[in-house]
Amino acid sequence: MKRTIGAAVFVTLCAIGRIASAQEVDARITQLVTAVSQDRLSAILRKLQSFETRSSLSSLDSTTRGAGAAREWILQEMRGYSPKLQVSFDAYTVPPQGPRITRQIDLRNVMAVLPGRSPRRIYISGHYDTVARPGGQGATNATPPDPDAAPARPADPTAPLDNLAPGVNDDGSGTALTIELARVFSQSGIDFDATLVFMCHAGEELGLVGARLHAQRAIEQKLPIVGILNNDIVGNDKGGNGIVDGATIRVYSEGPEDSPSRALARFVQRWGGIYVPSHKVRLMSRPDRFGRGGDHSAYNQLGFAAVGFRESRENFTRQHDERDTFEGISLAYLAQNARVNAAAAAELALAPPAPVVYTDRGAPMISRAPSGYDANLKWTASPGAVAYRVFWREAWGPDWQHDMKVGNVTNVVLPNMQIDDYVFGVAAVDAAGHESTVSAYVSPARANTPIKTAGQ
Ligand SMILES: [Zn+2]
């Protein structure tokens, strides 16, 4: 029911149904997802706990305790997985500043890069640093939220902060997930188009410091980061109120509703649902939980697409507390969350880049031509794409309602579809059926032009 006129494909909409079941499943991704090991996650978490604290303010000179020992172990562990993985410290010297950085610190993210055929980068991340405060997060939650609450301090604020802070869930869980996926991806034998980066951040508990510094460096070095899947507190399925939920994971993303971060969040839900159907992704249309933050927001603030994974039922009495130990972890739950990350990152890294749907001047390439009442969608071809999938939904709704695959074209006309009534988007599809995130056509905000009045 398609006919090609000139460069555009005209589509008769009566022939199209919702074809969300038509995506192609890649057996290699299924195998990669299956390779996530609960036993490996367990071993990593026990090792992380053994450092007793991984605070970025802790002593760095011990080989068995504190952040220095922990980061060295993470580096060596990932180096052992595959010669393809380029593992290094992403290091910064940070002088004292703000309420939390009480002394100069040698701050090091641990970064493992799995080069792809193209330089565009997809990150899977967590933070390995920890904190424990008197009363923990439970006490913080019971009083008015204070996101800047200061950690316990030694008598001398310039001395190392070495109090017990095991941080097995916050964020040993996200760190173990990241390390395990570095293993699974680097040993998969898959030749990914995108470059994958497995990043264990430092300094999150000091104000997202490691993530902010890396995001700044990425801007300076023009690193083409296209998406960050950040995992922070993803290993516990038993809420402090007694409610247990081991079958869902929350994914937070900043708006507005068709921002690149929201596109990434929808992508996670869609492909997580295909490769890990037993685990439900709950999308949250807000940057994060009330009064709480995470490293994905540091990337958002510098313009990168990033989402935050958070367990569905938190136990605040264990967070930021000496009680954040291995006993508070559900390994089966953490493994499922790792599999959702793996599915989304693998699909994204195998797919072509998302189509560009804006002109160089920032105008969306959508019009009412040729009749004046049609939806005429144009985009720039993505390298590696052999087809595209067009999506649309009513202009009041959070997620795509309809989609259809079109051929290797860069222009589609949907007759009598009023562009004012729907949101449209397009994804790039390669020969094996891998799909990019959806690039949406968004009407740009109009600048305010103050009106002059006479006599002023
Ligand atoms: Zn955290």
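Note that this is a predicted model, so its numbers are computed, not measured. Sequential numbering from 1 along the given sequence is applied to the chain's residues. Remember, it's 1-based here, ligands and their atoms both numbered in the order they're listed.
- When the shell of 6.0 Å around CD of Gln187 is examined, it contains more than 12 heavy atoms from other residues, nucleotides or ligands.
- For the pair Arg54 and Tyr128, the cation does not sit on the ring face, since its NZ or CZ is not both under 6.0 Å from the ring centre and inside 45° of the axis.
- In Asp170, the N, O or S atom that comes nearest to the Zn ion (ligand 1) is OD1.
- Within the 3.5 Å criterion, the main-chain N or O of Lys280 finds no donor-acceptor partner in the side chain of Thr248.
- The N, O or S atom of His127 lying closest to the Zn ion (ligand 1) is NE2.
- Of all N/O/S atoms in Asp232, OD1 sits nearest the Zn ion (ligand 1).
- Under the 6.0 Å distance and 45° angle rule, Arg46 counts as a cation-pi partner of Phe326.
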